[in-house]
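What follows is a single structure, and I will ask about it in a moment.
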Amino acid sequence: MEQELLRILRTLDSPAHLTQAHARLLAAGLAATPRLLPALGVPPNGFTFTFLLRACALLGLPRPCGCVHGQIVRCGFGSDVFVQNALMDVYYRCGGGGAGGVGAARQVFDEMVDKDVVSWNSIVGVYMSSGDATGAMGLFEAMPERNVVSWNTVVAGFARTGDMVTARTVFDRMPSRNAVSWNLMISGYATSGDVEAARSVFDRMDQKDVVSWTAMVSAYAKIGDLDTAKELFDHMPVKNLVSWNAMITGYNHNSRYDEALRTFQLMMLEGRFRPDEATLVSVVSACAQLGSVEYCNWISSFIGKSNTHLTVALGNALIDMFAKCGDVGRAQSIFYKMETRCIITWTTMISGFAFNGLCREALLVYNNMCREGVELDGTVFIAALAACTHGGLLQEGWSIFNEMVEQYNIQPRMEHYGALEGRWDGVIGARTSMRNWGIEKVPGSSLIQVGSEVHEFLAKDTRHERRKEIYETVDGLMALMRHTEQTPWGLFVASIVVIQCLIGQQLCKSNMGKGIFPVVLQLYHAEVAVLMSRCCFIVTTQTRMNFTFVRAGGKDSHWTKWWSQLTVAIIILGALFYLLCSPKLEQGSEAGLLLLLGGAEDSLASAQSSWSSF
DNA sequence: ATAGGGTTAG
């Protein structure tokens, strides 16, 4: 049958007959048959290959690129400048952005008979995004002609690496600039944290477009200045979907999830934009943080109705959301529905089960993951180990820990030890010490009364008026901890936290009702376990600890200032004390821990009474 | 075709 049709097709010689035959094949459902389709005789052109190459780039597979390259040469497009430019881009992307990709792209570039500005711009961009600024600048200087895109490519390259000094130099040298050039400077300054500089570029710009405004909104949101972000957002002459997304994620990053949702609702009320995946990811994660079942149901039914494709990011966010509001069954069904998963998907599902106390199920997910041969990272092991500890499955925890080290060659970090509380039991008898110090009475209490006011703290609370400070403090400490892990500075930071907690308790106790301390510090069990295991006592991971210093009444008095100054002084002295006592401590060494314990025990003992009586 | 703003877990 197929042979017969092929024979007939070959005999056709006029376009009209060909069209007729094509129509008949379509009607018979045979047009897509791989051997008949080429016989219809439509020759490829430049567009064929640029689209084909784009498909290769999306797949990121080097092998089809080679085949397509062969076809390009065979069909006589070896010197078509459009096709060659696309080919260069594809070879770079399929090389994974590394040196191999750069080499392949460079080879295409060198072999090109005709090069136009786009070819030069592309190769400069390739060198820039591979991190080779010197190579890029060499090519840039050698360019026979430059247009505004050439200049922008270089500015973008320097801005991406955070080298705003060089970016500025190039920007100032530009013979002419367009909106993109200015916007590159704005976003470059914003990502390097210099909002002032970004703002001054923005103010000097006389062709501000929606991108400039949006970049400024997210710049202010990033440094936590939501008032200015909101003000700019409200005054934007034109908003698009990305602007709304920027405002919503700005609220998310500052833990103001309810306002994120309100902004989303405003956008929906306005009705001009349909939420895209980025919007939904942000909204879902805001719902997850709020843990409100009504919001979660609403957004999930909205997603269901809007027929949105379940991408990896959205799937991950949904799994997290359902798990956080206790519906682990729906979390799991999302997990199964996902066509592609990444390491975050697995991590989220494992922690989702553990979060709901289903630690065996968490381990099943872990086992499935290992069977599927997913490439694992250190983080997924933190989740798996925490699941074991949480469920009291210490033996499983240890065997996973060993697998991690021996089979997957992942260096254990302090978070892994933190997840395995049993680690330190033999060293210091942590549980006993805890009981002795009366620590068990403090955790679990998330209500603190100061004077006549009751301050309530729930997990990841978003309602407290000083939540910005809470999360900034915690985030800052965590960042510092990450930055300084494996060095004595980790101890330094940990000691600050402990001392702050102790002082906070004492201040609360002795100054009820006077207006106490302007910092509210809230830590969760995992972080506390890590910090505390450094400072020689362990917190059971089942118990969430809320350390809070609360200021009552909301009025600043001279007492507040006085206490703040005193506290800062004590913190610095305490930190110095730790530093002097433990300058040569080796992290993780038992001798070091015991030494540290000796130092810490004294200061903790004095605070013991306030812990237990609180 | 080459350059610019927004995207999830621990």
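By convention in this document, chain letters (A, B, ...) are assigned in the order of the sequence lines, proteins followed by strands, and residues within each chain are numbered from 1.
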- Query: Counting side-chain heavy atoms from C-beta on, which of B/dT2, B/dG10, B/dA3 comes nearest to A/Lys324?
  - Reply: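 Output: B/dG10.
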
- Query: Contact class for A/Ile382 (heavy atom, under 4.0 Å): base, sugar-phosphate, or nothing?
  - Reply: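 No contact.
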
- Taking CE from A/Met112 and C1' from B/dA1, how many angstroms apart are they, rounded to a whole number?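 Distance check: A/Met112 CE to B/dA1 C1' gives 11 Å.
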
- Message: Taking the minimum atom-to-atom distance to the side chain of A/Arg160, which one of B/dT2, B/dG6, B/dG4 wins?
- Response: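 From the listed options, B/dG4 comes nearest.
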
- Regarding A/Arg106 and A/Tyr92, is there a side-chain donor-to-acceptor distance under 3.5 Å anywhere?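 No donor-acceptor contact under 3.5 Å links the two side chains.
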
- Backbone N/O of A/Val328 and side chain of A/Asn356: donor-acceptor pair under 3.5 Å: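 Checked: no pair found.
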
- Query: Where the side chain of A/Thr379 is defined as all heavy atoms beyond and including C-beta, which of B/dT2, B/dA9, B/dA3 is the nearest nucleotide?
  - Reply: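 From the listed options, B/dA9 comes nearest.
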
- Message: Measuring from the side chain of A/Ala278 (C-beta onward, heavy atoms only), which nucleotide among B/dT7, B/dG10, B/dG4 has the closest atom?
- Response: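 Looking only at side-chain atoms, A/Ala278 lies closest to B/dT7.
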
- Whole-Å gap separating P (B/dA9) and CZ (A/Phe353):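 From A/Phe353 CZ to B/dA9 P: 19 Å.
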
- Nearest-Å distance, CG (A/Asp89) to C1' (B/dA3)?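 Distance, rounded to whole Å: 13 Å.
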
- Message: Heavy atoms only, 4.0 Å cut-off, all strands: where does A/Asp320 land among base, sugar-phosphate and nothing?
- Response: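 Sugar-phosphate only.
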
- Query: Reckon A/Asn252 touches a base, only the sugar-phosphate, or nothing at all at heavy-atom distances under 4.0 Å?
  - Reply: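 Nothing, no nucleic acid heavy atom in range.
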
- Query: Nearest to the side chain of A/Ser187 - B/dA9, B/dG4, B/dG6?
  - Reply: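 Looking only at side-chain atoms, A/Ser187 lies closest to B/dG4.
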
- Below 6.0 angstrom between ring centroids: does that apply to A/Tyr295 and A/Phe302?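 No - the distance between ring centres of A/Tyr295 and A/Phe302 does not fall below the 6.0 Å cut-off.
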
- Item | Under-4.0 Å side-chain N/O to phosphate OP1/OP2 contact, A/Gln289 with B/dA9 |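 Yes, such a contact exists.
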
- Strictly below 4.0 Å, heavy-atom distances to any atom of DNA chain B: list the hits from residues 234-243 of chain A, or just say none.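 Within this stretch, A/Asn240, A/Val242, A/Ser243 sit under 4.0 Å of the strand.
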
- Selection residues 141-198 of chain A - residue pairs positive for ring pair (Phe, Tyr, Trp, His ring centres under 6.0 Å), sequence neighbours left out: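 Non-adjacent pairs meeting ring pair (Phe, Tyr, Trp, His ring centres under 6.0 Å): A/Phe140-A/Trp151, A/Phe171-A/Trp182.
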
- Task: Only counting residues at least two apart or in another chain, list the ones meeting ring pair (Phe, Tyr, Trp, His ring centres under 6.0 Å) with A/Phe109.
- Result: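 Scan of A/Phe109 (ring pair (Phe, Tyr, Trp, His ring centres under 6.0 Å), adjacent residues dropped) gives A/Trp120.
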
- Task: Tell whether A/Asn121 reaches the base of B/dA3 with its side chain through a donor-acceptor pair below 3.5 angstrom.
- Result: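 No, the side chain and the base share no sub-3.5 Å donor-acceptor pair.
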
- Atom pair distance, as rounded to whole Å: CD in A/Glu415 and P in B/dG10: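 Interatomic distance, CD of A/Glu415 to P of B/dG10: 14 Å.
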
- Examine distances only and state if a side-chain atom of A/Thr169 and a backbone atom of A/Val165 form a donor-acceptor pair shorter than 3.5 Å.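 The answer is yes, because a donor-acceptor pair under 3.5 Å joins these two groups.
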
- Query: Going by number, which of residues 201-212 of chain A have a non-hydrogen atom under 4.0 Å from DNA chain B?
  - Reply: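 DNA chain B contact set from residues 201-212 of chain A: A/Asp209, A/Val210, A/Val211.
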
- Centroid distance under 5.5 Å and plane angle under 30°, A/Phe82 vs B/dA1: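 Here A/Phe82 meets both the 5.5 Å and the 30° conditions.
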
- Task: Select one nucleotide: of B/dT2, B/dA9, B/dA3, the one nearest the side-chain heavy atoms of A/Val118.
- Result: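 For the A/Val118 side chain, the nearest candidate turns out to be B/dT2.
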
- salt_bridge(A/Asp234, A/Lys230) N-O dist < 4.0 Å: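 Salt bridge between A/Asp234 and A/Lys230, a charged N being under 4.0 Å from a carboxylate O: yes.
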
- Message: Any base atoms under 4.0 Å from A/Thr348, or only sugar-phosphate, or nothing? Heavy atoms, all strands.
- Response: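 Answer is sugar-phosphate: A/Thr348 comes under 4.0 Å of backbone atoms only.
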
- Query: What is the distance, rounded to the nearest whole Å, between atom CD1 of A/Ile299 and atom C1' of B/dT8?
  - Reply: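 Answer to the nearest Å: 14 Å.
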
- Query: Who pairs with A/Tyr251 by side chain to side chain donor-acceptor pair (under 3.5 Å), at least two apart in sequence or on another chain?
  - Reply: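 Counting only residues at least two positions away or on another chain, A/Tyr251 forms no side chain to side chain donor-acceptor pair (under 3.5 Å).
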
- Message: So if I take every side-chain heavy atom of A/Thr249 and compare against B/dA9, B/dG4, B/dT7, which nucleotide ends up nearest?
- Response: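 Side chain of A/Thr249 sits closest to B/dT7.
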
- Nucleotide B/dA3, atom P - distance to CE of A/Met143 in whole Å: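 Rounded to the whole Å, the gap is 13 Å.
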
- Checking all strands, does A/Asn147 fall into the base, sugar-phosphate, or nothing category for heavy-atom contacts under 4.0 angstrom?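 Counting heavy atoms under 4.0 Å across all strands, no contact is made by A/Asn147.
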
- Item | Residues A/Asn183 and A/Asp209: side-chain donor-acceptor under 3.5 angstrom |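 A pair is found: one side chain offers a donor N or O, the other an acceptor, under 3.5 Å apart.
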
Can you list, pair by pair, the side-chain donor-acceptor contacts under 3.5 Å of residues 265-277 of chain A, counting residues two or more places apart and other chains?
unit_1: A/Asp276; atom_1: OD1; unit_2: A/Asn245; atom_2: ND2; d: 3.4
unit_1: A/Asp276; atom_1: OD1; unit_2: A/Ala278; atom_2: N; d: 3.2
unit_1: A/Asp276; atom_1: OD1; unit_2: A/Thr279; atom_2: N; d: 3.1
unit_1: A/Asp276; atom_1: OD1; unit_2: A/Thr279; atom_2: OG1; d: 2.7
unit_1: A/Glu277; atom_1: OE2; unit_2: A/Thr311; atom_2: OG1; d: 2.2

- Among B/dG5, B/dT8, B/dG4, which is the nearest nucleotide to the side chain of A/Thr214?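 The nucleotide sitting nearest to the side chain is B/dG5.
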
- Message: From C-beta outward on A/Asp276, which listed nucleotide comes closest to its side chain: B/dA1, B/dG5, B/dG6?
- Response: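 Comparing B/dA1, B/dG5, B/dG6 against the side chain of A/Asp276, the answer is B/dG6.
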
- Rounded to whole angstrom units, what separation is found between the CH2 atom of A/Trp120 and the P atom of B/dT2?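 Atom-to-atom, A/Trp120 to B/dT2, this comes out as 19 Å.
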
- Message: Could you check whether A/Ser150 and A/Asn147, counting side-chain N and O atoms only, form a donor-acceptor pair closer than 3.5 Å?
- Response: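 Yes.
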
- Between atom CZ in A/Phe140 and atom C1' in B/dT2, what is the gap in whole Å?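 Rounding to the nearest Å, CZ of A/Phe140 and C1' of B/dT2 are 13 Å apart.
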
